[in-house]
Amino acid sequence: MKNKKCITVLFVCFTILFSCDSYETTVINSVHADGSVARVVVMRNDESAQFEPEEFKVPLDSTWKTEIGIEVDGENDTTWVLTAEKYFENVEEMNRNYEADTGHNGNLNRHVSFIKKFRWFTTVFRFSESVERTMEVDCPVNDFLTDEELDFFYLPHSIQKMAETGPDSLEIKALLSSIEEKTETWYTTCLVRRGLSAFSGMYLIHGHEELSREGIMSKESEIMALMEEDMDQDSLFSSVFGEGFVREYKQLIDSAITIFEEELSLSLNASSYDIKTRMPGKIIATNGYLGFVEGGDPVREVMWTVSGEYFLSENYDMWVESRVNNYYIWVLSILFIIFAITGFILYYSKR
């Protein structure tokens with residue numbers, strides 16, 4: 001069970017790192033019809049009023065308007081709150097802001113897009129923020145989870161915590177237990193599949209032809225089964241490929257392991273934060289959690305959590321679409337119809 005235990009430890013580290021970040025951070029995007037975005041970043045620090053830029057989860061610089069306030073709860077515990085605001089004229093400017101990020105998540109590839117489609121009587125807007133996958137492997141989590149489990153898996157972390165303590169807490173705990181077990185299998189599969197893929201690439205590039213790529217990748221299930229056994233790394237690979245093969249290609253095997261460890265570290269080291277997005281008009285579709293703006297405002301917003309497990313093996317795209325009615329088109333169309341009907345009536349009345 002040695003290898004399986006190592007994977008379990010890594011999986012636990014995954015969970016701990018995602019729940020023990022530095023500054024609790026929320027990003028609020030107010031998207032306008034012209035593609036401009038008013039962006040607000042709120043960070044909370046329980047330690048002191050000092051906010052270290054290298055710990056920022058999203059990029060901030062001197063062009064942002066910032067202020068620091070204080071919150072005191074019922075137990076007289078103090079939290080310092082940094083609020084930063086900036087107006088972006090377009091998403092290209094936001095993308096340049098991400099590219100210049102030197103904070104904690106600076107190694108992540110993040111991208112913002114905005115699409116506006118005129119459809120005569122209505123105009124549809126689509127806004128999205130995406131994070132590129134960190135591991136070059138085809139291993140989507142939806143191959144391992146049911147639809148119900150996927151829905152809960154992608155819920156914002158704050159909503160998940162509320163559900164755990166709600167009236168259906170027993171059902172939620174059972175659901176969480178199933179998700180944890182299956183995502184551990186998914187996580188292990190990602191590592192094994194990526195390791196085999198990296199090794200096969202280097203093996204073939206160096207001109208070796210003893211095994212094909214398909215032959216190497218076919219060893220996945222055998223490795224997964226042997227990970228339940230109490231054996232070290234070299235013994236595991238020797239059991240699958242043979243001792244002579246492992247001795248000859250030990251350097252390539254170690255290089256493959258280094259590759260997936262480096263890609264894995266990008267997800268492990270990522271600090272989670274929440275994104276809330278408000279759109280012009282009525283929200284008509286999204287893959288996020290739809291709720292109301294705090295404070296009684298009837299405006300609706302969509303919320304996601306950006307967390308390392310979401311972009312381990314596939315791109316994480318957070319999108320929302322909204323629609324506004326083009327009332328002036330309706331008015332012009334009605335006037336045109338009235339004008340046309342009037343014209344026909346006058347034309348035929350003179351005949």
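Since this is a predicted model, take the numbers as computed values, not measurements.
- Between Y310 and W304, the closest side-chain pair of non-hydrogen atoms is not below 4.5 Å.
- At least one side-chain heavy atom of Y273 sits less than 4.5 Å from a side-chain heavy atom of N105.
- At least one donor-acceptor pair closer than 3.5 Å links the side chain of S265 to the backbone N or O of E262.
- E301 CD to I275 CD1: the interatomic distance, rounded to the nearest 0.5 Å, is 12.5 Å.
- Contact detail for A33 and F125: the closest heavy-atom pair is O-CE2, 3.4 Å.
- Salt bridge annotation for K65-E85: absent, with no cationic side-chain nitrogen under 4.0 angstrom from a carboxylate oxygen.
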Given the rule in the side-chain contact (heavy atoms from CB on, under 4.5 Å) test, do E184 and E181 qualify, once you have shown the distances and angles that lead to the verdict?
-> CA-CA 5 Å; E184 184 177 341; E181 181 180 350; over 6 Å; no
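- Note: K282 NZ to S322 OG = 11.5 Å, rounded to the nearest 0.5 Å.
- Contact check for I253 versus F241: no side-chain heavy atoms found under the 4.5 Å cut-off.
- Paired with E129 under the rule salt bridge (charged side-chain N to carboxylate O under 4.0 Å, His left out), one option of R39, R110, K276 passes, and it is R39.
- Atoms CZ and CG, on F237 and L196 in that order, are 7.0 Å from each other to the nearest 0.5 Å.
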Go through the steps for M227 and V192 under the test side-chain contact (heavy atoms from CB on, under 4.5 Å), then give the verdict.
-> CA-CA 10 Å; M227 291 185 75; V192 172; 3.7 Å; yes
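- In this structure, CG in L82 is found 10.5 Å from CD in Q50, a value given to the nearest 0.5 Å.
- A distance below 6.0 Å separates the ring centres of F88 and W64.
- Transitive grouping of hydrophobic side chains (ILVMFWY, heavy atoms separated by less than 4.5 Å) keeps V124 and F121 in distinct clusters.
- Between the side chains of T122 and N325, not a single donor N or O lies within less than 3.5 Å of an accepting N or O.
- With values rounded to the nearest 0.5 angstrom, Y203 atom OH is found 4.5 Å from L211 atom CG.
- Atom CG of D147 sits in a sparse spot, with 12 or fewer heavy atoms from other residues, nucleotides or ligands closer than 6.0 Å.
- A pairwise comparison of heavy atoms in E71 and V81 identifies CD-CG2, 3.6 Å as the closest pair.
- Centroid-to-centroid, the aromatic rings of H208 and Y249 come within less than 6.0 Å.
- Atom CD of E148 sits in a sparse spot, with 12 or fewer heavy atoms from other residues, nucleotides or ligands closer than 6.0 Å.
- Closest approach of T134 and E263 over heavy atoms only: O-CB, 3.1 Å.
- No side-chain heavy atom of Y98 sits under 4.5 Å from any side-chain heavy atom of H111.
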With side-chain contact (heavy atoms from CB on, under 4.5 Å) as the test, would you mind laying out the steps for H104 and Y23 before giving the verdict?
-> CA-CA 11 Å; H104 193 87; Y23 309 136; over 6 Å; no
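- The closest side-chain heavy-atom distance from E24 to T79 is not below 4.5 Å.
- Panel note: side chain T25, backbone K57; no donor-acceptor pair is recorded below 3.5 Å.
- Taking CD of E55 as the start and OG of S271 as the end, the distance is 7.0 Å to the nearest 0.5 Å.
- Residues S313 and R193 form no side-chain contact, since every pair of their non-hydrogen atoms from C-beta on lies 4.5 Å or further apart.
- Between W120 and N326, the shortest heavy-atom contact is O-ND2, 3.0 Å.
- The aromatic ring centres of Y289 and Y154 sit 6.0 Å or more apart.
- Smallest separation of non-hydrogen atoms from D317 and S130: OD1-CB, 3.7 Å.
- Using a 4.5 Å heavy-atom cutoff, the side chains of K116 and P280 are not in contact.
- When all heavy atoms are compared, the tightest approach of V91 to S113 is CG1-C, 4.0 Å.
- Side chain of S177 to main chain of K173: no donor-acceptor pair is present (N/O by atom type, distance under 3.5 Å, no hydrogens or angles).
- Side-chain contact between F260 and V137: absent, with no pair of heavy atoms (C-beta onward) separated by less than 4.5 Å.
- Grouping the Ile, Leu, Val, Met, Phe, Trp and Tyr side chains by contacts below 4.5 angstrom, directly or via other members, places Y87 apart from V41.
- Looking only at distances, a side-chain donor or acceptor of E149 sits under 3.5 Å from a matching main-chain atom of T146.
- Environment of CD in E89: sparse, with no more than 12 heavy atoms of neighbouring residues, nucleotides or ligands closer than 6.0 Å.
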Working for side-chain contact (heavy atoms from CB on, under 4.5 Å), residues E309 and L312 | CA-CA 5 Å; E309 73 268 35; L312 175 64; 5.6 Å; no
